[in-house]
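Numbers restart at 1 for each chain; the letters A, B, ... are given by sequence-line order, proteins then strands.
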Amino acid sequence: MSAKIQSVKGTRDFYPDVLAPIRQIFDAWRRVSIRHGFQEWDGPTLELLDLYREKSGDELVGQLYRLTDSGGRELALRPEMTPTLARMVAAKINALPKPIKWFCVATLFRGENVQRGRLREFFQWNVDVIGSADMTADAEVILVGVEALRELGLTQADFQVHISNRRLVQAILSAAGIPVESHGGAYALMDKAGKLPREETARRWSEAYGSAISYEKLDALMSVATLPELRAAVGAIAPATADLESAASDTERLLAILQDFGIIEYCKINLRVVRGLAYYTGPVFEFYDRSENERAICGGGRYDDLLGKLGRAGEPAVGFGMGDVVLSLILEEKGLLKPARKGGDVMVVDAAESVRPTLHTVVAALRRGGVAADFSYAHQAIGKQLKMADKIGVSRVVILGDETTSAGRVRIKDMAGGAEREVALETLLADPRSTLGL
RNA sequence: GUGAGUGUAGCUCAAUUGGUUAGAGCACCAGGUUGUGGUCCUGGGGGUUGCGGGUUCGAUCCCCGUCAUUCACCCCA
């Protein structure tokens with residue numbers, strides 16, 4: 001065993017039965033994206049290291065897979081798509097009609113510790129709208145995410161979208177008298193609140209920010225789940241500033257559009273959603289399984305300043321990323337992943353060695369006619385060929401008997417019921433799919 | 001990076017306080033079945049018990065190291 005080369009930690013070997021359910025997820029992602037008017041794009045897996053350095057600083061670079069090419073250039077395997085997106089969009093910003101609605105399904109790499117729901121190589125679906133500051137864009141990307149999960153069989157009982165707003169939270173903290181430079185620490189503590197005992201969070205909060213706003217008041221604010229509650233809580237805590245009013249009305253509008261889209265029941269306000277990313281500027285959201293036993297299925301938000309920082313032209317943007325790992329875990333738990341289908345539609349079998357040439361011809365013709373057809377490479381007892389047909393899971397078997405075949409006729413067997421009928425070979429080849437009843 | 005758990009066949013697991021040739025189910029292959037699959041019956045292949053060292057007459061079992069893996073912490077683009 002020790003002599004064998006192992007797979008790299010945090011990567012997966014996609015055997016057919018492992019890949020099949022993931023394909024199912026990819027297909028849903030693509031279908032739903034296209035249905036909502038998004039175009040697929042992709043970029044290189046390798047990027048210059050600087051692309052990520054500029055965006056997020058050196059601390060993040062530590063989690064990158066880095067390499068140096070033969071020309072001495074420092075490269076990185078992409079850990080996310082947004083910088084690539086920003087780079088590509090910036091390069092053609094004047095040629096692209098706005099809003100730009102793009103999606104991709106990409107392999108990403110992050111050199112972090114492997115645990116449940118986190119791997120080092122994984123797939124992520126990204127959906128972004130660039131060039132619109134309107135809350136309709138935010139609502140639309142949320143809609144796309146919700147519809148994809150519905151497409152995969154999840155319901156309102158299974159998951160929920162937690163929506164917050166960076167600007168709103170920031171305005172609240174500012175209005176309460178906490179200086180902007182302390183907001184980072186405040187976010188971190190709010191984010192941690194779910195993991196620490198309440199008293200501990202309260203104690204830490206009081207020490208750091210208690211003079212500005214008591215933990216009880218903050219907690220009450222962070223606990224609001226509906227718009228009226230939000231309005232009331234905001235009014236109770238701080239004087240209305242222009243920022244506060246603007247962020248609150250954005251949130252109001254976002255929720256109104258989500259209601260129009262018919263997905264408001266999937267959504268709730270949760271101001272505790274902070275998102276680790278520094279670049280979010282407005283609404284942020286995360287999709288969670290209702291049990292909340294797993295990590296977020298999906299996370300995203302508005303990042304109006306990022307493109308301007310990376311390229312010359314600033315454009316408002318909003319988007320999300322949804323990974324395959326947590327989603328697979330959840331779909332698996334709920335039994336929503338279909339098992340791999342081994343074979344095709346039909347297997348062609350011969351009852352005698354003498355019809356082998358015909359069998360080859362028939363198989364090729366069926367395949368050309370759009371039927372997934374398989375066959376045994378050598379003549380075997382018909383029982384064995386049927387056993388193989390059963391094993392690969394085809395629904396029909398075409399049987400070539402020596403007498404019937406020379407008479408220009410074949411049998412079609414329905415594997416589920418076992419019934420057989422005889423048809424002219426000519427008819428089968430003229431219209432394979434309907435003759436087979438597929 | 002930190003802490004804990006787990007490593008026996010492709011998979012899920014056994015193996016008497018340390019004792020003969022490490023077993024079973026599933027899966028796989030073949031036969032029963034030379035013109036008809038599923039069920040059933042029979043047989044077969046597949047293991048240096050993760051790896052290395054130690055204790056012992058003897059180690060899957062005890063000890064040390066190492067690697068892998070899982071979970072949690074940290075972090076999370």
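- Nucleic acid contact for A:Arg78: none, since no nucleic acid atom lies under 4.0 Å from a heavy atom of the residue.
- The base-pairing partner of B:C73, taking Watson-Crick or G-U wobble contacts with both distances under 3.5 Å, is B:G1.
- Applying the side-chain hydrogen bond (donor to acceptor under 3.5 Å, both in side chains) definition to pairs two or more places apart or across chains, those involving residues 121-132 of chain A are A:Ser33-A:Trp125, A:Gln124-A:Asn126, A:Asp128-A:Tyr303.
- In this structure, B:U49 forms no base pair with any nucleotide, since neither Watson-Crick nor G-U wobble geometry is met with both distances under 3.5 Å.
- With a 3.5 Å ceiling on both atom-pair distances, the Watson-Crick or G-U wobble partner of B:G7 is B:C67.
- The nearest whole Å value for the distance from the NZ atom in A:Lys387 to the P atom in B:G31 is 8 Å.
- Nearest nucleotide to the A:Ile399 side chain, out of B:U36, B:A72, B:G38: B:U36.
- For B:U36, the base has a donor-acceptor partner in the side chain of A:Lys413 [N/O atoms by modelled type, under 3.5 angstrom].
- Closest to the A:Val114 side chain, of the nucleotides B:U70, B:C73, B:U36, is B:U70.
- Checked options A:Asp374, A:Val371, A:Val348, A:Val398; the residue passing with A:Val363 is A:Val348 (criterion: side-chain contact (heavy atoms from CB on, under 4.5 Å)).
- As the counterpart of B:G44, B:C28 is assigned, both hydrogen-bonding distances of the Watson-Crick or G-U wobble pattern falling under 3.5 Å.
- At a threshold of 4.0 angstrom between heavy atoms, the contacts of A:Ala76 with the nucleic acid are absent.
- In this model, a side-chain donor or acceptor of A:Glu420 finds a partner on the base of B:U36 within 3.5 Å.
- Between the C1' atom of B:U36 and the NE2 atom of A:His379 lies a distance of 13 Å, rounded to the nearest Å.
- For A:Gln115, whose side chain is taken as the heavy atoms from C-beta onward, the closest listed nucleotide among B:U36, B:C73, B:G37 is B:C73.
- Applying the ring-ring contact (aromatic ring centres under 6.0 Å, His included) definition to pairs two or more places apart or across chains, those involving residues 377-397 of chain A are A:Phe375-A:Tyr377.
- Side-chain atoms of A:Arg118 and base atoms of B:C75 include a donor and an acceptor less than 3.5 Å apart.
- Across all strands, A:Ala351 comes closer than 4.0 Å to base atoms (heavy-atom distances).
- The residue A:Gly383 sits close only to the backbone: its heavy atoms come under 4.0 Å of sugar-phosphate atoms, none of a base.
- If you take atom P in B:G5 and the same atom in B:G25, they sit 34 Å apart, rounded to whole Å.
- A side-chain donor from one of A:Asp431 and A:Ser434 sits under 3.5 Å from a side-chain acceptor of the other.
- Figure legend. B:G37 is base-paired to no nucleotide; pairs are counted as Watson-Crick or G-U wobble with both atom distances under 3.5 Å.
- A:Glu353 comes within 4.0 angstrom of nothing in the nucleic acid, heavy atoms only.
- When the nucleotides B:G35, B:C29, B:G38 are ranked by their closest atom to the side chain of A:Ile382, B:G35 comes out on top.
- Within 4.0 Å of A:Gly321, counting heavy atoms only, lies no atom of the nucleic acid at all.
- A donor and an acceptor atom, one from each side chain of A:Arg150 and A:Tyr266, are located under 3.5 Å apart.
- Minimum atom distance to the side chain of A:Lys391 is reached by B:C28, of the listed B:U36, B:C28, B:G37.
- Closest contact between the side chain of A:Lys384 and the listed nucleotides B:C75, B:G35, B:G31 involves B:G31.
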Can you list the steps and then say if A:Lys413 with A:Glu422 is a salt bridge (Lys or Arg N to Asp or Glu O under 4.0 Å)?
CA-CA 9 Å; A:Lys413 184 183 179 81; A:Glu422 205 171 285; over 6 Å; no
